[in-house]
A.B. asks: 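Please read through the structure below; I'll follow up with questions.
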Amino acid sequence: MTAPGSLRVVRTVQEVRSAVHAARARGERIGLVPTMGYFHEGHLSLMRRAREECGFVVVSLFVNPTQFNDPADLASYPRDEVRDAAMAASAGAQLLFAPDAAEIYPTGFSTYVSVTGVTEPMEGEARGISHFRGVATVVAKLFNMVAPDVAFFGQKDAQQALVIRRMVRDLDFPVHIEVCPTVRERDGLAMSSRNVRLRPEDRERALSLSRALDAAERCITTGERQADVVRRAALSELEAAGVEVDYVEVVSASTLGAIDPLEGELLVAVAARVGAVRLIDNALVQA
Ligand code: AMP
């Protein structure tokens with residue numbers, strides 16, 4: 001199957017391996033952009049960056065069941081492969097790997113990658129330990145299937161990027177990890193495939209996440225060094241909007257551990273349920 005812009009869509013590991021093998025034989029650098037589809041500018045920014053650095057860009061599209069803690073979230077996750085293929089082609093990708101679940105998790109599948117430490121707070125606590133176990137396992141498998149020189153991830157999922165970096169270091173995957181900046185709507189809302197599920201009134205309330213990050217950042221840059229004061233500044237924006245807060249954290253950007261008084265590179269991270277949709281966002285701030 002061929003989509004516009006000479007993008008090939010493949011479903012099997014064997015097809016991916018032979019396409020990558022041929023590209024490598026032509027001397028091309030291989031880039032991988034792992035995704036769950038329903039593309040927006042955030043995904044496309046990763047693909048364009050990959051295209052700048054790599055002659056052959058593989059985009060994987062797989063809504064990975066093992067990283068969903070909520071079956072309703074998995075069932076309602078937006079999907080549109082035809083649209084995604086056209087967008088990936090326009091961003092310069094050459095191969096879209098869109099496997100069925102059975103290709104990734106054959107019957108009797110029983111091996112998982114479990115990263116400790118950075119997986120435990122924030123998303124790990126809110127979604128349970130199986131979430132990052134699912135993420136690390138599927139990304140490890142994709143690295144083994146595609147064998148990319150470089151893999152591209154978004155800062156939007158800051159904790160996920162840290163987990164992948166840790167896994168790559170600890171297990172000696174021969175892949176370079178690049179983390180690209182969060183792409184936002186003009187009004188500040190971080191782009192997410194889940195945003196299409198926001199009702200109009202929730203779309204407005206969802207802006208409280210980026211407002212909370214701005215408030216925290218203002219607090220830090222004007223000299224506040226108590227983590228809890230900064231947390232409360234962010235929290236009050238979320239509470240004012242009436243969203244259901246999962247967490248607000250101000251932590252070390254490299255370890256996600258507590259730093260008090262605040263110092264160095266910090267990650268301000270928020271998660272909240274806005275109507276039926278759970279959203280996350282974060283900002284890197286220097287103290
Ligand atoms: P997903 O399809 O949500 O699993 O995301 C696939 C990749 O795109 C992940 O590395 C995400 O961090 C990244 N991504 C998602 N949203 C954004 C965004 N708004 N800006 C930059 N990268 C993003």
Side-chain angles (χ1 to χ4, degrees), residues 31-53 57-70 73-74 76-81 83-85 87-88 91 93 96-99 101 104 118 122-123 127 131-143 146 148 150-168 175-198 203 206-207 209-210 213 253 267 269-271 274 277-284:
L32 171 66
V33 181
T35 82
M36 298 204 300
Y38 212 76
F39 297 152
H40 50 65
E41 274 299 315
H43 297 110
L44 300 186
S45 73
L46 302 187
M47 295 176 206
R48 290 190 198 108
R49 171 86 162 264
R51 193 65 183 95
E52 281 165 25
E53 294 177 25
V57 174
V58 181
V59 174
S60 63
L61 192 180
F62 181 59
V63 183
N64 177 33
T66 62
Q67 73 188 71
F68 281 79
N69 53 311
D70 176 359
D73 188 28
L74 174 61
S76 62
Y77 200 82
R79 296 160 210 245
D80 188 341
E81 187 187 308
R83 172 180 168 273
D84 285 348
M87 290 171 80
L96 184 71
F97 175 41
I104 301 293
V118 287
M122 296 176 7
E123 291 300 284
R127 303 185 65 173
H131 170 63
F132 283 122
R133 195 178 76 149
V135 170
T137 302
V138 82
V139 172
K141 285 174 62 75
L142 288 167
F143 287 172
V146 177
V150 198
F152 298 82
F153 293 86
Q155 178 62 26
K156 159 77 170 27
D157 297 279
Q159 189 174 11
Q160 170 174 283
L162 275 181
V163 170
I164 300 303
R165 280 195 192 284
R166 188 61 57 92
M167 176 187 82
V168 162
V175 57
H176 176 71
I177 302 300
E178 282 202 22
V179 180
C180 306
T182 300
V183 178
R184 298 178 179 279
E185 303 284 359
R186 290 166 70 97
D187 59 10
L189 181 68
M191 290 195 183
S192 164
S193 305
R194 291 185 171 88
N195 290 351
V196 292
R197 291 173 44 214
L198 290 167
R203 174 68 182 70
L207 291 177
L209 275 80
S210 55
L213 298 175
L267 182 76
V270 299
V274 184
V277 187
R278 184 174 182 278
L279 298 177
I280 60 172
D281 200 354
N282 69 82
L284 288 169

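Ligands are counted one by one from 1 in listed order, and the atoms in each one are counted from 1 as well. The figures that follow rest on heavy atoms only: side chains count, while hydrogens, waters and symmetry mates do not.
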A.B. asks: With sequence neighbours left out, what residues match F62 under ring pair (Phe, Tyr, Trp, His ring centres under 6.0 Å)?
C.D. replies: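 If we apply the ring pair (Phe, Tyr, Trp, His ring centres under 6.0 Å) test to F62, skipping adjacent residues, there are no hits.
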
A.B. asks: Non-hydrogen atoms closer than 4.0 Å to ligand 1: which protein residues do they belong to? List them by chain and number, please.
C.D. replies: P34, T35, M36, G37, H40, G42, H43, L46, Y77, F153, G154, K156, D157, Q160, P181, T182, V183, M191

A.B. asks: H40: what forms a ring pair (Phe, Tyr, Trp, His ring centres under 6.0 Å) with it, not counting sequence neighbours?
C.D. replies: H43

A.B. asks: Is any side-chain N of the basic residue among R48 and E41 closer than 4.0 Å to the acidic one's carboxylate O?
C.D. replies: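 Result for this pair is yes, salt bridge flagged.
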
A.B. asks: Rounded to the nearest 0.5 Å, how far does OG1 of T35 lie from CG of D84?
C.D. replies: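 Separation between the atoms: 7.0 Å.
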
A.B. asks: For Y38, which residues count as a ring pair (Phe, Tyr, Trp, His ring centres under 6.0 Å) partner, sequence neighbours excluded?
C.D. replies: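 Y38: no ring pair (Phe, Tyr, Trp, His ring centres under 6.0 Å) contacts found.
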
A.B. asks: Tell me the closest heavy-atom pair linking P181 and Q155, and the distance in Å.
C.D. replies: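 Reported closest heavy-atom pair: CA-CB, 4.2 Å.
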
